[in-house]
Enquirer: 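Pasting a structure here, questions to come.
Numbers here simply count residues along the sequence, with the first being 1. Just so you know, ligand 1 is whichever comes first in the structure, and atom 1 is the first atom listed for that ligand.
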Amino acid sequence: MEKELKVSAIKNGTVIDHIPAENLFKVISILGLQNIPNQITFGTNLESQKLGRKSIIKVSDKFFEGDEINKIALVAPQAKLNIIKDYEVVEKRVVDVPEDIVGYVKCVNPKCVTNFQPITTRFRVIGKSPLQLRCHYCEKTTCENQMVII
Ligand code: CTP
Ligand code: ZN
């Protein structure tokens with residue numbers, strides 16, 4: 001039986017599927033999708049066997065370069081990228097946690113310089129499961145359960 005699509009198919013571009021429903025807008029913000037002129041459609045609170053409820057984003061005529069997409073691994077570790085060409089899925093990719101996180105996680109240390117001066121945060125990933133990020137500036141570790149996306 002044909003599946004019903006809740007969000008229309010796209011001709012060319014990237015479909016980011018299996019985003020936890022509550023993190024849709026974080027993914028949009030981390031990728032800066034609010035600033036690009038491409039056509040974008042999305043759905044949220046869709047049923048998912050794996051996640052319970054998921055979000056999906058479809059960006060027409062956009063093909064993410066290299067590890068650009070890995071930035072979303074912190075908020076959508078199970079996300080799957082589908083590259084669409086002429087309506088067909090030509091490639092599927094998973095996301096991988098990058099070695100460095102620049103600019104979208106808050107340092108847990110209230111005394112860290114990044115929390116009182118306009119300095120971009122910067123961390124090295126020292127553990128992946130659970131996530132542990134070491135701040136480049138104060139060397140304190142921010143753990144997964146303390147993570148705040150900025
Ligand atoms: N899709 C789309 N436009 C197309 C082709 C596919 O928007 N022209 C979307 C589908 O709606 C789906 C995703 O791309 O959300 C992946 O498509 P497909 O591999 O056909 O779906 P599934 O087999 O359900 O993928 P998976 O189980 O890997 O998540
Ligand atoms: Zn710090």
Side-chain angles (χ1 to χ4, degrees), residues 1-25 27-28 30-31 33 36-64 68-127 130-150:
M1 199 180 82
E2 276 290 297
K3 282 188 301 186
E4 181 201 352
L5 286 190
K6 296 273 193 238
V7 184
S8 300
I10 58 172
K11 182 163 195 250
N12 290 297
T14 304
V15 173
I16 312 170
D17 201 357
H18 305 295
I19 300 166
E22 65 277 15
N23 286 345
L24 169 67
F25 293 98
V27 171
I28 289 175
I30 287 171
L31 293 176
L33 299 181
I36 63 169
N38 305 52
Q39 281 193 4
I40 302 176
T41 50
F42 58 76
T44 189
N45 292 330
L46 306 177
E47 281 163 31
S48 157
Q49 308 231 319
K50 275 187 238 166
L51 301 174
R53 289 157 143 227
K54 69 168 185 180
S55 291
I56 190 166
I57 305 174
K58 303 189 179 188
V59 191
S60 291
D61 301 314
K62 169 91 182 156
F63 302 96
F64 293 89
E68 189 185 352
I69 201 73
N70 286 342
K71 292 183 188 176
I72 71 169
L74 301 195
V75 296
Q78 303 189 55
K80 226 187 242 173
L81 245 73
N82 300 272
I83 318 299
I84 315 290
K85 296 215 167 129
D86 209 13
Y87 288 106
E88 297 291 326
V89 178
V90 295
E91 192 188 333
K92 279 183 187 277
R93 280 162 56 192
V94 292
V95 298
D96 196 17
V97 177
E99 290 186 357
D100 294 292
I101 309 284
V102 181
Y104 52 94
V105 177
K106 187 173 155 58
C107 181
V108 74
N109 174 11
K111 292 187 179 149
C112 181
V113 66
T114 61
N115 282 318
F116 54 89
Q117 282 186 30
I119 294 175
T120 304
T121 63
R122 183 176 283 272
F123 302 86
R124 173 128 287 225
V125 176
I126 55 168
L131 269 173
Q132 292 194 311
L133 311 180
R134 179 176 293 141
C135 178
H136 171 79
Y137 295 96
C138 71
E139 298 197 329
K140 288 272 184 302
T141 301
T142 300
C143 301
E144 188 164 326
N145 59 1
Q146 304 167 316
M147 241 175 53
V148 175
I149 304 286
I150 45 181

Enquirer: Could you list which atoms of ligand 1 come closer than 4.0 Å to a heavy atom of Asn82?
Expert: 13 (C), 16 (C)
Enquirer: Look at Asp100 together with Arg122 and state whether they make a salt bridge at an N to O cut-off of under 4.0 Å.
Expert: no
Enquirer: Quick one: CD1 on Ile19 to CD1 on Ile57, what's the gap to the nearest 0.5 Å?
Expert: 3.5 Å
Enquirer: Only heavy atoms count here, so choose which of Lys54, Lys58, Lys92, Lys6 is nearest to atom 2 (C) of ligand 1.
Expert: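 The option holding the nearest heavy atom is Lys58.
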Enquirer: Which ligand 1 atoms are under 4.0 Å away from a heavy-atom of Ala9?
Expert: 2 (C), 3 (N), 4 (C), 7 (O), 8 (N)
Enquirer: Could you tell me if any non-hydrogen atom of His18 lies under 4.0 Å from any atom of ligand 1?
Expert: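 In this structure, His18 qualifies as a contact of ligand 1 - some heavy atom is under 4.0 Å.
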Enquirer: Under 4.0 Å from a heavy atom of Leu5: which atoms of ligand 1 are those, numbered in the order shown and with their elements?
Expert: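 Numbered from 1, ligand 1 contributes 11 (O).
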Enquirer: Near Asp17, which atoms of ligand 1 are under 4.0 Å from a heavy atom of that residue?
Expert: 15 (O), 29 (O)
Enquirer: For Phe64, does the six-membered ring have the charged nitrogen or CZ of Lys62 within the cation-pi criterion, i.e. under 6.0 angstrom from the centroid and within 45° of the normal?
Expert: yes
Enquirer: Is the distance from the Zn ion (ligand 2) to the nearest N/O/S atom of Cys135 under 2.8 Å?
Expert: yes
Enquirer: Is there a nitrogen or oxygen of Val7 sitting under 3.5 Å from a nitrogen or oxygen of ligand 1?
Expert: no
Enquirer: Rounded to the nearest 0.5 Å, how far apart are CE of Met147 and OH of Tyr104?
Expert: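 If I round to the nearest 0.5 Å, the distance is 8.5 Å.
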Enquirer: Using the Zn ion (ligand 2) as the vertex, how large is the angle between SG of Cys107 and SG of Cys138, rounded to 10 degrees?
Expert: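 Seen from the Zn ion (ligand 2), SG and SG are separated by roughly 100°.
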Enquirer: Please check if the side chain of Asp61 supplies one atom and the backbone of Gly13 the other of a donor-acceptor pair under 3.5 Å.
Expert: no
Enquirer: Would you say the side-chain atoms of Lys92 and Asn82 include a donor-acceptor pair closer than 3.5 Å?
Expert: yes
Enquirer: Look up atom CD1 in Ile16 and atom OG in Ser55, then write down how far apart they are to the nearest 0.5 Å.
Expert: 11.0 Å
Enquirer: Identify, by atom number and element, the atoms of ligand 1 in contact range of Ile56, meaning under 4.0 Å from any of its heavy atoms.
Expert: 15 (O)
Enquirer: Tell me which one of Val90, Ile83, Leu81, Val15 gets a heavy atom nearest to atom 9 (C) of ligand 1.
Expert: Val15
Enquirer: Would you give the length of the straight line joining atom CZ of Arg134 to atom CD1 of Ile126, rounded to the nearest 0.5 angstrom?
Expert: 4.0 Å
